[in-house]
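Have a look at the structure below before the remarks.
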Amino acid sequence: METAAKPTLVWLEFQDCAGNTESFLRASRPTVAEIILDTLSIDYHETIMAAAGHQAQQSLAEAIERDHGKYIAVIEGSIPSGAGGAYCTIGGRSALEIAQEVCDGAAATVAIGTCAAFGGLPAAAPNPTGAMSVSDAVPGLTNLVNMPACPANGDNLAALIVHYVTFGRLPDLDHLRRPLFAYGKLIHDACEKRSHYDAGQYTEEWGDEGHRHGYCLYKMGCKGPVTYQNCPNIGWNGGTNWPVGCGHPCIGCAEPSFWDRMTPFYRHLPEIPGLGPHASLDKIGLGVTVGVAAAFATHTAVHVARRSLAGARKTASDEENES
Amino acid sequence: MSIEAEHIHMERVYVWEVPVRLSHWLIVVSLLVLSVTGLYIGNPFIPVSGEATQHFVMGTMKSIHFVAAMVFTLSVLWRIVWMFVGNPYARWNEFLPVSKRRLVGIWNTIAFYTFLHRDSPAFVGHNPLAGVVYTVVFGLFAVMIATGFALSAANAHMNAMLSGFQFLIPLCGGLQMARFIHHVGMWLLLGFAAHHFWSAFLVGTVERSSLLDSIFSGYKVLTPDVARRARKHIEED
Ligand code: HEM
Ligand code: SF4
């Protein structure tokens with residue numbers, strides 16, 4: 001690593017909350033200080049750079065020209081396509097335009113956070129700004145890596161960068177272009193509460209006996225069984241802890257469309273469209289099944305009644321004929 | 001062979017071959033097991049206390065669910081294969097109404113069930129309305145199998161056999177969506193099962209047909225007229 005040349009990195013923020021920046025600043029293995037001093041030359045990052053205004057714009061322009069085809073681009077936030085791109089502009093240029101230019105000249109592009117990777121919150125229904133992921137806004141990127149999560153884990157980004165700088169290539173990716181080292185397994189499959197899950201021991205209510213014993217959060221709507229991430233292994237804030245470890249269910253923030261699909265966060269299944277948040281699928285299902293059975297019981301009764309009526313009429317007319 | 005019933009010479013016709021009856025009952029049993037274990041998986045309702053290492057309730061339910069799922073999947077596949085190699089009453093065109101006669105038959109059957117017609121239209125195998133309903137049911141089976149395998153593929157080890165089904169996950173709209181569809185599908189099938197059980201009972205008792213017995217014995221008892229007419233039409237289709 002020491003002998004490799006220091007590559008250039010530019011970090012762009014579009015429709016974001018700077019959460020991934022905050023997360024990256026807390027990377028601990030290696031720390032951001034180590035990365036900036038030893039590994040990389042970060043030439044543009046609005047939140048942490050000293051320059052501002054035209055000066056800042058100039059450093060971006062210079063970096064992408066000087067290191068064309070060699071720099072790493074990190075994109076944070078989604079890219080709005082509505083109103084001709086007017087929902088997000090920097091220095092008078094639209095996010096779409098900047099992203100296209102910067103990504104086209106990059107050796108590798110990292111879409112950091114769920115917004116850049118999959119559209120995230122800005123793209124949640126009804127998506128008023130026409131927000132798009134990097135892969136949709138700049139189609140055809142062959143060296144794109146998606147690192148979703150809200151925010152993405154700084155240690156994973158640090159690991160990705162170190163891997164790239166050391167080996168000169170990207171790590172193995174899955175079908176959504178996520179690195180397998182961080183997104184190859186379900187949260188559920190590495191969770192420390194898994195033995196409680198398999199045993200059948202669940203937190204039923206916040207703060208109940210089970211919750212205090214660290215029982216599984218499945219019935220509190222935990223999305224660990226449907227979310228790919230390495231949170232249980234790598235932890236957050238220098239490996240101190242992670243959401244499920246401190247008693248909060250996973251909300252599935254690293255999955256595509258999580259804001260639309262993983263809600264309600266504290267329930268096992270999504271809402272039934274049009275029925276509101278409190279309708280229970282099992283109650284409705286049971287109701288329908290019992291309803292069908294009842295309807296058929298009535299139907300049978302009608303037939304039986306009709307037949308006995310017909311039978312009675314027949315007997316009556318027979319009697320008439322006889323007399 | 002003919003037997004005496006209500007002063008008419010009835011004919012016993014062999015309708016449901018062994019594979020048809022066997023897959024029917026395997027599907028019934030596995031569907032019930034899958035529903036009970038599935039309801040638990042969706043909402044684990046059995047309280048368990050003590051050391052986690054001493055218990056394996058969810059694990060057991062999921063194992064049973066998986067074994068039943070394999071029985072179910074193979075029975076459904078077997079039945080679909082039989083739609084192409086079985087006797088005329090087992091064939092795919094008993095399900096999809098591709099002939100004009102079966103399309104008209106759908107209306108006649110609806111008219112009978114809604115008390116508009118007094119006489120039930122005569123068919124040897126499935127009546128055309130039932131055929132359409134079973135087509136939908138087989139569609140639901142396919143949905144359950146696809147979403148079920150997507151869910152199984154999710155936590156399969158990278159190189160394990162089931163990970164080959166990972167391509168199903170995006171087709172379902174992600175894992176959480178797969179879960180939801182899988183759960184809704186179960187209730188649709190249970191709703192159908194309630195309907196199916198009652199209508200079999202109804203047809204078996206009210207219409208006094210041999211339909212209910214036929215899924216056990218394979219034989220239906222039909223008037224010579226119906227047997228001949230219906231058989232001729234099946235040959236024509
Ligand atoms: C028609 C038959 C079936 C019924 C009624 C059924 C029912 C259910 C239900 C209700 C759930 C719980 C869903 C939830 O709320 O999370 C479930 C989960 C599941 N089923 Fe099925 N299922 C059927 C067939 C299958 C098949 C064919 C497979 C294929 C292997 C399968 C595999 C699974 C898996 C892997 C889960 C998820 C377990 C987990 O959460 O880890 N099921 N099933
Ligand atoms: S807490 Fe969530 S991730 Fe952990 S075992 Fe339970 S359901 Fe799985």
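Each chain gets a letter, A, B and so on, in the order its sequence line appears, and its residues count up from 1.
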TODO: Can you tell which part of A/Phe258 gets under 4.5 Å to a heavy atom of chain B, answering side chain, backbone, both or neither?
DONE: neither
Task: Max heavy-atom pair count under 4.5 Å with chain B, selected residue of A/Ile272, A/Leu286, A/Val290 - done: A/Leu286
Task: Side-chain donor or acceptor of B/Gln176 paired with backbone N/O of A/Thr227 under 3.5 Å - done: no
- [ ] Kindly say whether B/Gly173 contributes a backbone atom to a donor-acceptor pair with the side chain of A/Arg261 at under 3.5 angstrom?
- [x] yes
- [ ] Measure A/Leu186 against the heavy atoms of chain B and call it side chain, backbone, both or neither at under 4.5 Å.
- [x] side chain
Open item on the list: For a 4.5 angstrom cut-off between non-hydrogen side-chain atoms, does B/Leu190 reach A/Val288?
Closed with: no
Open item on the list: Give the interface residues of residues 133-151 of chain A toward chain B, defined by a heavy-atom separation under 4.5 Å.
Closed with: none
TODO: Please flag which part of A/Ala295 lies under 4.5 Å from any non-hydrogen atom of chain B: side chain, backbone, both or neither.
DONE: neither
Task: Distance-minimising heavy-atom pair for B/Ser49 and A/Gln201 - done: C-NE2, 3.6 Å
- [ ] Nearest 0.5 Å please: distance from the CH2 atom of B/Trp187 over to the CD1 atom of A/Ile284.
- [x] 11.0 Å
- [ ] Determine whether B/Arg179 and A/His268 make a side-chain contact, defined as any pair of heavy atoms from C-beta on separated by less than 4.5 Å.
- [x] yes
Open item on the list: Please report the interatomic distance CG(B/Asn155) to CD1(A/Ile187), rounded to the nearest 0.5 Å.
Closed with: 13.5 Å
- [ ] Would you give the length of the straight line joining atom OG of A/Ser195 to atom CD of B/Glu51, rounded to the nearest 0.5 angstrom?
- [x] 9.0 Å
Task: Approximate separation, where rounding is to 0.5 Å, of B/Ile169 CD1 and A/Leu176 CG - done: 9.5 Å
TODO: Report the option among B/Gly42, B/Ala193, B/Gly59 that has the most heavy-atom pairs separated by less than 4.5 Å from atoms of chain A.
DONE: B/Gly42
Open item on the list: Can a donor-acceptor pair be found, under 3.5 Å and without considering hydrogens, that links the side chain of A/Tyr228 to the backbone of B/Ala154?
Closed with: yes
Task: Side-chain donor/acceptor of B/Gln54 to backbone N/O of A/Ala199, under 3.5 Å - done: no
Task: Point-to-point distance, once rounded to the nearest 0.5 Å, from OG1 of A/Thr289 to NE2 of B/His195 - done: 13.0 Å
- [ ] Could you check if a side-chain atom of A/His175 sits within less than 4.5 angstrom of a side-chain atom of B/Phe167, using non-hydrogen atoms only?
- [x] no
TODO: Evaluate the criterion side chain to side chain contact (heavy atoms under 4.5 Å, CB included) for residue pair A/Asp282 and B/His183; output intermediate values, then yes/no.
DONE: CA-CA 9 Å; A/Asp282 284 345; B/His183 206 120; 2.6 Å; yes
Open item on the list: So A/Lys219 and B/Asn43, do their side chains get closer than 4.5 Å, heavy atoms only?
Closed with: yes
Task: chain A contact via B/Tyr40 - which portion, at a heavy-atom distance below 4.5 Å - done: side chain
TODO: Answer with side chain, backbone, both or neither: which region of A/Pro270 has an atom nearer than 4.5 Å to a non-hydrogen atom of chain B?
DONE: both
Task: Region of B/Ser199 that comes under 4.5 Å of a non-hydrogen atom in chain A - done: both
Open item on the list: Rounded to the nearest 0.5 Å, what separates atom NZ in B/Lys62 from atom OH in A/Tyr197?
Closed with: 3.0 Å
Open item on the list: Using heavy-atom distances under 4.5 Å, tell me whether B/Pro170 contacts chain A through its side chain, its backbone, both, or neither.
Closed with: side chain
Task: Which atoms of A/Val302 approach chain B - backbone, side chain, both or neither, heavy atom under 4.5 Å - done: side chain
Open item on the list: Quick one: does any side-chain atom of A/Tyr218 pair with a main-chain N or O of B/Ile41 as donor and acceptor, under 3.5 Å?
Closed with: yes
Task: Sub-4.5 Å side-chain heavy-atom contact between B/Phe192 and A/Val292 - done: no
Open item on the list: Please classify the contact between B/Ile46 and chain A as side chain, backbone, both or neither, with a heavy-atom cut-off of under 4.5 Å.
Closed with: backbone
